[in-house]
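Before any comments, here is the structure.
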Amino acid sequence: MTTITLRPDEPLDLNRTLGCGQAFRWEAADGWWQGVVGDHAIRIRQDGDLLTFYGADAPFVRDYFRLDQNLPEVLASIDRDPVIHDAIRCCYGLRLVRQQPWECLISYICATNTNIPAVKRRVSSMAERYGEAIESPFGTAYTFPRPAVLAGVCHADLWDCKLGYRTDYVCDAAAFAVEHSGWAERLASLPFEEARYELMRLRGVGPKAADCVLLFAFGFFEAFPVDVWIRRIMAEAYMPELTGKNCTPAEYDRIRRFAREYFGEYAGYAQEYLYCVREG
DNA sequence: CCCCAGGTGAATA
DNA sequence: TATTCACATGGG
């Protein structure tokens with residue numbers, strides 16, 4: 001058991017952070033959050049300014065939750081109007097966790113035209129079947145399967161993980177990651193727009209999935225993923241000229257560029273706060 | 001039976 | 001370039 005006492009200037013709302021849908025491998029169970037990060041099976045809870053956890057050391061947890069990122073400063077920089085102000089007040093302490101690029105990429109390929117519970121089922125199904133077992137005092141957990149392992153799984157077996165028509169895309173991505181083993185490092189070294197363009201060359205990765213991966217795994221905080229919810233919120237609060245309900249590529253670009261300009265270099269945080277506050 | 005969900009690719013005009 | 005459609009799956 002390890003603890004971290006949060007300083008007043010490093011706020012964290014663990015429940016919002018793990019429950020908002022940014023990462024798909026956390027489950028709430030009897031007062032604790034259980035999840036897998038890399039090869040760590042972690043059990044964690046928050047009581048006020050006290051974080052208590054098993055399965056990882058304090059530096060690992062600080063890094064995952066980006067506790068060294070100055071959240072009050074970040075939020076002050078995006079706090080431009082009453083709408084985002086209310087979201088910040090409501091979800092204060094929500095942080096963007098540092099996800100692993102490979103798992104994040106596959107997760108968001110699996111997140112198209114579906115809902116969060118279904119994505120979680122798909123990811124955990126792949127992990128249970130093809131990941132490595134982690135024995136912990138709280139049971140057996142499974143790592144997310146490495147690219148080489150997933151690349152070796154036949155189409156029919158991946159289909160059984162309920163990926164549906166996304167199965168082809170996951171197969172392709174696995175082959176890509178095996179062939180370009182340094183893809184994540186290379187992407188991280190590129191400017192945002194170039195990294196985005198490179199990601200979108202993968203089948204099954206459009207603007208939305210690319211922006212999610214860049215925001216959640218690569219720390220490009222200017223990324224502003226536009227899903228059906230965010231489009232709705234942006235149309236209501238900021239861009240009343242938007243009509244209809246489907247988001248064309250041109251319209252997607254208009255929204256994300258407006259947000260990048262309006263909220264600044266941490267537009268991605270604004271996105272996540274607006275997304276999270278939709279359910280109160 | 002319908003519509004919707006953290007969309008995307010392919011065909012078409 | 002812009003529109004339209006199919007797509008597996010599960011829930012309401």
Side-chain angles (χ1 to χ4, degrees), chain A residues 16-26 87 91 94-97 99 101 103-126 129 153-176 196-218 220-221 223-237 241-257 259 267-280:
Chain A
R16 292 230 184 249
T17 298
L18 296 182
C20 71
Q22 59 176 316
F24 299 105
R25 300 218 59 198
W26 290 97
C91 303
L94 166 65
R95 284 176 180 271
L96 296 181
V97 301
Q99 298 193 41
E103 176 176 336
C104 189
L105 172 63
I106 297 302
S107 296
Y108 279 94
I109 286 177
C110 292
T112 62
N113 196 25
T114 186
N115 50 52
I116 290 175
V119 182
K120 293 174 108 173
R121 276 194 302 270
R122 293 180 183 124
V123 174
S124 65
S125 176
M126 284 186 279
R129 296 172 192 219
V153 178
C154 74
H155 188 278
D157 287 347
L158 258 186
W159 186 273
D160 278 344
C161 297
K162 306 301 180 186
L163 307 189
Y165 63 89
R166 308 163 192 84
T167 303
D168 290 334
Y169 306 149
V170 173
C171 287
D172 283 3
F176 168 84
R196 189 171 187 270
Y197 179 82
E198 290 299 315
L199 265 181
M200 287 175 60
R201 292 171 60 177
L202 294 170
R203 284 210 310 160
V205 180
K208 160 66 170 56
D211 284 334
C212 283
V213 174
L214 291 170
L215 177 62
F216 298 136
F218 288 93
F220 284 101
F221 299 108
F224 193 86
V226 180
D227 57 42
V228 292
W229 297 101
I230 287 297
R231 185 192 180 280
R232 207 167 289 159
I233 292 163
M234 291 301 288
E236 283 174 10
E241 70 274 19
L242 297 183
T243 58
K245 71 179 203 43
N246 56 334
C247 194
T248 67
E251 186 180 282
Y252 188 109
D253 252 33
R254 289 224 319 279
I255 296 173
R256 76 173 178 106
R257 291 183 193 285
Y269 263 94
Q271 190 271 6
E272 205 56 16
Y273 272 73
L274 291 172
Y275 182 80
C276 191
V277 79
R278 81 195 188 284
E279 288 177 334

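Below, each value reflects all heavy atoms present in this structure, side chains not excepted, and no hydrogens, waters or symmetry copies. In this text, all values refer to a predicted model and were calculated from it rather than measured experimentally.
- Between B:dA5 and A:Arg278, no contact under 4.0 Å exists linking OP1 or OP2 to a side-chain N or O.
- As judged by a 4.0 angstrom heavy-atom cut-off over every strand, A:Glu272 is placed among the base-contacting residues.
- Across all strands, A:Ala118 comes closer than 4.0 Å to no nucleic acid atom at all (heavy-atom distances).
- Atom pair A:Ile109:CD1 and B:dA5:P shows a separation of 22 Å (rounding to whole Å applied).
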Worksheet item: For A:Arg122 and A:Thr114, what are the C-alpha separation, side-chain angles and deciding distance, and is it a side chain to side chain donor-acceptor pair (under 3.5 Å)?
Response: CA-CA 11 Å; A:Arg122 293 180 183 124; A:Thr114 186; 3.2 Å; yes

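- The closest side-chain heavy-atom distance from A:Cys110 to A:Ile106 is below 4.5 Å.
- Rounded to whole Å, the P atom of C:dA6 lies 13 Å from the corresponding atom of B:dC2.
- Between A:Glu251 and A:Cys247 the shortest side-chain heavy-atom distance falls below 4.5 Å.
- A gap of 14 Å separates the C1' atoms of B:dC4 and C:dC7, to the nearest Å.
- A heavy-atom distance below 4.5 Å is found between the side chains of A:Arg196 and A:Arg256.
- Protein chain A contacts DNA chain C over a range whose 5' and 3' limits, counting nucleotides with an atom under 4.0 angstrom from a non-hydrogen atom, are C:dC7 to C:dG10.
- By the stacking rule of 5.5 Å between ring centres and under 30° between planes, A:Trp229 does not stack on the base of B:dG6.
- The OH atom of A:Tyr252 sits 15 Å away from the P atom of B:dG6 (whole-angstrom rounding).
- Place A:Arg232 and A:Pro207 on DNA chain B by their nearest nucleotides, and A:Arg232 ends up nearer the 5' end.
- A 4.5 Å side-chain heavy-atom check between A:Gln22 and A:Thr17 finds at least one atom pair inside the cut-off.
- Note: CE (A:Met234) to C1' (B:dG6) measures 16 Å, nearest angstrom.
- Comparing A:Met200 and A:Asp227 by the nucleotide of DNA chain B whose heavy atom lies nearest to each, the residue mapping closer to the 5' end is A:Asp227.
- A:Cys20 approaches A:Glu272 most closely through the heavy-atom pair SG-OE2, 3.4 Å.
- Heavy atoms of A:Leu202 sit under 4.0 angstrom from primed sugar atoms or phosphate atoms, though from no base atom.
- The separation between A:Phe216 atom CZ and B:dG6 atom P is 13 Å, rounded to whole Å.
- The residue A:Gly21 sits close to a base: some heavy atom pair falls under 4.0 Å.
- Atoms CD1 (A:Ile116) and C1' (B:dC4) sit 14 Å apart, rounded to a whole Å.
- What separates OH of A:Tyr108 from P of B:dT8 is a distance of 12 Å, to the nearest Å.
- The aromatic rings of A:Phe220 and A:Phe218 are tilted relative to each other, their planes meeting at an angle between 30° and 60°.
- Going from atom CZ of A:Arg256 over to atom C1' of B:dG7 covers 16 Å, rounded to whole Å.
- Distance noted for atom P between B:dC3 and C:dC5: 13 Å (whole Å).
- Across all strands, A:Val228 comes closer than 4.0 Å only to sugar-phosphate atoms, never to a base (heavy-atom distances).
- Within the nucleic acid shown, A:Arg203 comes within 4.0 Å of sugar-phosphate atoms alone, with no base atom in reach, counting heavy atoms only.
- Across all strands shown, A:Val119 has no heavy atoms under 4.0 Å from either base or sugar-phosphate atoms.
- A distance below 6.0 Å separates the ring centres of A:Phe24 and A:Tyr108.
- Among the heavy atoms of the strands lying under 4.0 Å from A:Lys162 are primed sugar atoms or P, OP1, OP2 only; no base atom is included.
- Across the protein-nucleic acid pair, A:Gln99 atom CD and B:dG6 atom P stand 16 Å apart, rounded to whole Å.
- Side-chain contact between A:Arg278 and A:Ile230 is absent, with no heavy-atom pair separated by less than 4.5 Å.
- Between the side chain of A:Tyr169 and the base of B:dG9, no donor-acceptor pair of N or O atoms lies under 3.5 Å.
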